[in-house]
Amino acid sequence: MAVSRSLLLFGIVLFSCLLFAASLSDTVFYDSFDENWDGRWVVSQSSDYGGKWKHEKSDGHEDYGLLVSEPAKKYGIAVDLPEEVDPKDSAVVLQYDLRLQKGLECGGAYLKYLLPQAAGWTPSDFNNESPYSIMFGPDKCGSTNKVHFIFRHKSPKTGKYVEHHLKNPPMIINDKLSHVYTAVIYPDNTVKIFIDGDEKKTANLLSDDFEPTVIPPETIPDPEDKKPEDWDERPKIPDPEASKPDDWDEDAPKEIDDEEAEKPEGWLDDEPDEVDDLDAVKPEDWDDEEDGEWEPPKITNPKCEEAPGCGEWTRPTKKNPAYKGKWKAPHIDNPAYQGIWAPKQIPNPDYFVLEKPNLEPIAAIGIEIWTMQDGILFDNILVTHDEAVATEYRDTKWKPKFDVEKEKEAAEVKLDDTEKVSALDGIKEKVFEVLYKIAELPFLAKYKSQIDELIVKGEKNATVTLSILATVPILLLILFYSLLFGKKKSAPVVTMEAIKKEDLVVPDDPVASKEEAVVEEVSQEPAGEIEGEDAPAATRRRTRRDS
C-alpha cells in the first residue's frame, strides 16, 4: 500500500513537471535581469540617446532590473528575440514589471515590439525610426496619462502602414511601487489590458475601439466635388422689406447726465484728493543733481476722508431712456436657403474588408523613450503564448515584491501619523501649562474652580481638548485686554461663550449640567461695562480731529 502511494505521488509530481515544461515551451522570451544585461541587450549607438542604462537593484529588494539612471535624457536599447512571434494564429502575451521609483511627471516607460528589420540590422542600429508591430506601456506628460496600446497595420490595398491607437486606454499607476503591465492579443481579434493582473480594458482590433479604424470607410467625400459659387448656406437673412423707424435716433448717447442729482452738502471743491506728506523727510543720500529736486510723497488728503468728496464736483450719469443703438433689420427665414453644403460621397478606393487584422510578426524588443525622471526600473520582460505562464510570473516574481513595498508604505504612513500625534501631544502639553498659569490670574479668581475643572476635562477627553486649544487665543486676548484697560466684569463672559457648549459636552457627561449652570450664571452679569471715572472717554468714538 505504501509503495502504491509513493508511485501515485511520483506520478503526480512528474505530470506537474511535464505540464510546467510544456508551458515553458510556449515562452518565447523572458529576462529577469538577475544577471547583468550586458551581452543580451544592446545600447543604441545613435547619438540621440545619451541616457545611461544600469543594472541596479530595485529599492528595498535584492531583485535586479534595467534602470533609467539619469533625468532629462533620451534612452535607446534593444534585444533580439530567439525566434519571431506571429500573433495571427495564436494568443500572444506581452508582459513586464515597471517601478517608477521617483514617480513619473513627464516621460515614457513603454516597450516597442519590433518588426523584422532590414538585412544587416542589429540592435545597435535601433532608433525611433525602427519599424514596430506593437507599442505597449505607460506614457505621461501634460494631459497625456495613459497605458498605450498601438499596433501598426499594413493596408492590403495601399501597402502603407497605419498606426492604430487604442481609444480611452487605462491610466498609469503613478506611485513608487512595482506594477506589472500585461497585454494579451487573442486569435479572435480581442485585446485585453491588465494592470497587476486586473483587467482594465477589452477592445476589438477591427472595431472603432481604435483610432483610426483598421477597416477604412466604404465611401469618402469626392475630392473633385466643389461647392457652387451661388450655393446659399444662410438659414436666416435680414428682412429686405424692413426699414428704420423715423423716430429711431442712432446718435443718442447710451448715458446722459443725471439732472436731478445735487452736490452733496459739505463737498470740498477747493481741496485736492492728495496732499504732500508733511512728515516725510528727504533721504540723506538724495542728490538733487543726480536724482532731481526732491518732493515729498503724496498721501490721501485727511480732510477728504471725513467729507463726502473733494475737487470739482460733476454730475453723475445715468442710462439714457432714449438710447436705442444702431438699427438693424430683423431676420427672417432665407427663402433661398439650400442647407450646409457637403461634397458627394464616392466609393473609397482604399476600402477593404478583413476578418482578421494583418498583425505583423515580432522579432525584437526595444525601449526607446525620453523622460524627465530617473529611477524607472524595467524587470521580468516576458513574451509568451500561454497566459498561465504570465500568471505564474506575476505570482512568483512581481507579487512578493509588491507585497513587501505595500507593507513598507503602510508602516511609513503609520510612523508618520504617530509622529504627527506625538507632535500634537507636545503642543497640547505646552498649551495646558499656559492654561493652568492663566487660571491663577487674580481677575479670574472668581471662576478658577470652573476653569480648572474644564482644563482637567480637556486633558482627559480628545473632543474637549480640541475645544480647549481653540479657546487659547481668546484667553490670551482677555489677558492682554485686562492688562491694558484694567478689570472688567465682562471678561469671563467672553471666555465662557467662546467655548461652544455643544463642543464641550460628551454624551452622558454628568459634568455637563454643572457647566451649563456656570455659563448661565456668568452670562447674567451686565456685559460691556467699564469701571472707573474714565469710562465715558473710553467709549467715545475718536475722530481724526481728536488725534
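Remember, it's a predicted structure, so these values are computed and weren't measured experimentally. Along the sequence shown, residues carry numbers from 1.
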If you define the side chain from C-beta out and look only at heavy atoms, does anything of Tyr49 sit under 4.5 Å from Asn127? yes
Could you walk me through whether Leu111 and Phe378 pass the side chain to side chain contact (heavy atoms under 4.5 Å, CB included) test, one step at a time? CA-CA 10 Å; Leu111 272 56; Phe378 296 89; 3.7 Å; yes
Taking every heavy atom of Pro272 against every heavy atom of Cys304, the minimum-distance pair comes out as O-SG, 3.4 Å
Determine whether a donor-acceptor pair (N or O, by modelled atom type, separation under 3.5 Å) exists between the side chain of Trp327 and the backbone of Asp249. no
If you look only at pairs with a residue in residues 220-292, which of them pass as a disulfide bond (SG atoms under 2.5 Å apart), with sequence neighbours excluded? none
Sequence neighbours excluded, which residues qualify as salt bridge (Lys or Arg N to Asp or Glu O under 4.0 Å) partners of Lys157? none
Lys318 atom NZ: more than 12 heavy-atom contacts under 6.0 Å: yes
Between the side chain of Glu250 and the main-chain N/O of Lys326, is any donor-acceptor distance below 3.5 Å? no
Of the non-hydrogen atoms in Glu163 and Ile150, which two are nearest, and what is the gap between them? CB-CG2, 4.1 Å
Beyond-backbone contact of Ile369 with Val68, side-chain heavy atoms, under 4.5 angstrom: yes
Taking everything shown except Lys201 itself, do over 12 heavy atoms lie less than 6.0 Å from its NZ? yes
Can you name the residues that form a side chain to side chain contact (heavy atoms under 4.5 Å, CB included) with Glu105, not counting sequence neighbours? Gln373
Partner set under side chain to side chain contact (heavy atoms under 4.5 Å, CB included) for Pro283, not counting sequence neighbours: Asp285, Trp286, Trp294
For Ala203 and Phe210 the tightest heavy-atom approach is CB-CE1, 4.0 Å
Check whether any side-chain N or O of Thr202 sits under 3.5 Å from a backbone N or O of Lys192 as a donor-acceptor pair, and report yes or no. no
Any chance the side chains of Asn301 and Glu271 put a donor and an acceptor closer than 3.5 Å? yes
Minimum side-chain heavy-atom gap Ile346-Pro223 below 4.5 Å: yes
Can you spot which of Lys140, His179, Lys146 makes a side-chain contact (heavy atoms from CB on, under 4.5 Å) with Ile172? Lys140
Donor-acceptor pair, side chain of Asp276 and main chain of Leu278, under 3.5 angstrom: no
Side chain to side chain contact (heavy atoms under 4.5 Å, CB included) assessment of Glu70 paired with Tyr75: CA-CA 10 Å; Glu70 298 174 296; Tyr75 290 81; 3.3 Å; yes
With side chains defined as the heavy atoms from C-beta onward, is the minimum distance between Asp374 and Lys102 less than 4.5 Å? yes
Which residues pass the side chain to side chain donor-acceptor pair (under 3.5 Å) test with Arg234, not counting sequence neighbours? Asp232
Report the C-alpha distance between Lys236 and Asp333 in whole Å, list the side-chain angles of each, state the deciding distance to 0.1 Å, and finish with yes or no for salt bridge (charged side-chain N to carboxylate O under 4.0 Å, His left out). CA-CA 5 Å; Lys236 298 280 186 179; Asp333 292 334; 2.5 Å; yes
Would you sort out whether Asp196 and Ile173 count as a side chain to side chain contact (heavy atoms under 4.5 Å, CB included), showing the intermediate values? CA-CA 10 Å; Asp196 296 346; Ile173 301 179; 4.0 Å; yes
Backbone N or O of Pro212 within a donor-acceptor pair of the His164 side chain at under 3.5 Å? yes
Is there a donor-acceptor contact under 3.5 Å linking the side chains of Glu305 and Thr300? no
Under the side chain to side chain contact (heavy atoms under 4.5 Å, CB included) rule, collect the residues that match up with Pro343, sequence neighbours excluded. Pro221, Asp225, Trp341
List the residues meeting salt bridge (Lys or Arg N to Asp or Glu O under 4.0 Å) with Lys176, not counting sequence neighbours, and say none if there are none. none
State, yes or no, whether a side-chain contact exists between Val180 and Ile195 at a heavy-atom distance under 4.5 Å. no
Looking at every non-hydrogen atom in both residues, tell me the closest pair between Leu100 and Ala109 and how far apart they are. CD2-CB, 4.4 Å
Can you tell if the side chain of Pro235 reaches within under 4.5 Å of the side chain of Asn334, non-hydrogen atoms only? no
For Gly108 and Ile376, which heavy atoms make the closest approach, and how far apart are they? O-CD1, 4.1 Å
As an exercise, state the distance from SG of Cys310 to CG of Asp273, rounded to the nearest 0.5 Å. 6.0 Å
Are the side chain of Asn348 and the backbone of Pro217 linked by a donor-acceptor contact shorter than 3.5 Å? yes
Take a 6.0 Å sphere around NZ of Lys406 and say whether it holds more than 12 heavy atoms from other residues, nucleotides or ligands. no
Note, His331 side chain near Asp239 side chain (heavy atom, < 4.5 Å): no
Do His148 and Phe136 have their ring centres less than 6.0 Å from each other? no
Tell me if a side-chain donor or acceptor on Asn320 pairs with a main-chain N or O of Ala322 at a distance below 3.5 Å. yes
Looking at Glu293 and Asp288, would you say the former's side chain and the latter's main chain have a donor-acceptor pair under 3.5 Å? no
Evaluate the ring planes of Phe151 and Phe149, with Trp represented by its six-membered ring, and classify them as parallel (under 30°), tilted (30 to 60°) or perpendicular (over 60°). tilted
State whether Trp248 and Lys324 meet the cation-pi test: NZ (Lys) or CZ (Arg) under 6.0 Å from the six-membered ring centroid, and within 45° of the perpendicular axis. yes
Side chain to side chain contact (heavy atoms under 4.5 Å, CB included) partners of Cys106, counting only residues at least two apart: Cys141, Trp370, Met372
Over all atoms of both residues, closest heavy-atom pair of Trp313 and Asp269: N-OD2, 4.2 Å
Of all residues at least two apart in sequence or in a different chain, which pass the side chain to side chain donor-acceptor pair (under 3.5 Å) check with Thr190? Asp188
Any donor-acceptor pair under 3.5 Å from Lys160 side chain to Ser155 backbone: no
With sequence neighbours excluded, residues passing salt bridge (Lys or Arg N to Asp or Glu O under 4.0 Å) with Asp209: none
Could you go through residues 251-262 and list every donor-acceptor pair under 3.5 Å that involves a side-chain atom there, pairing it with any protein atom two or more places apart or in another chain?
residue	atom	partner	partner atom	Å
Glu255	OE1	Thr317	OG1	2.9
Asp258	OD1	Glu260	N	3.1

For residues Ile332 and Ile237, determine if any side-chain heavy atom of one lies less than 4.5 Å from a side-chain heavy atom of the other. yes
Is the side chain of Glu405 donor-acceptor paired with the backbone N or O of Ser178 at a distance under 3.5 Å, no angle test? yes
Would Asp208 and Lys167 pass as an ion pair if we require N to O under 4.0 Å? no
Rounded to the nearest 0.5 Å, how far does CG of Leu98 lie from CG of Leu104? 8.5 Å
With sequence neighbours excluded, tell me which residues meet side chain to side chain donor-acceptor pair (under 3.5 Å) with Lys328. none
Side-chain H-bond candidate by donor/acceptor type, Tyr132 with Glu368, under 3.5 Å: no
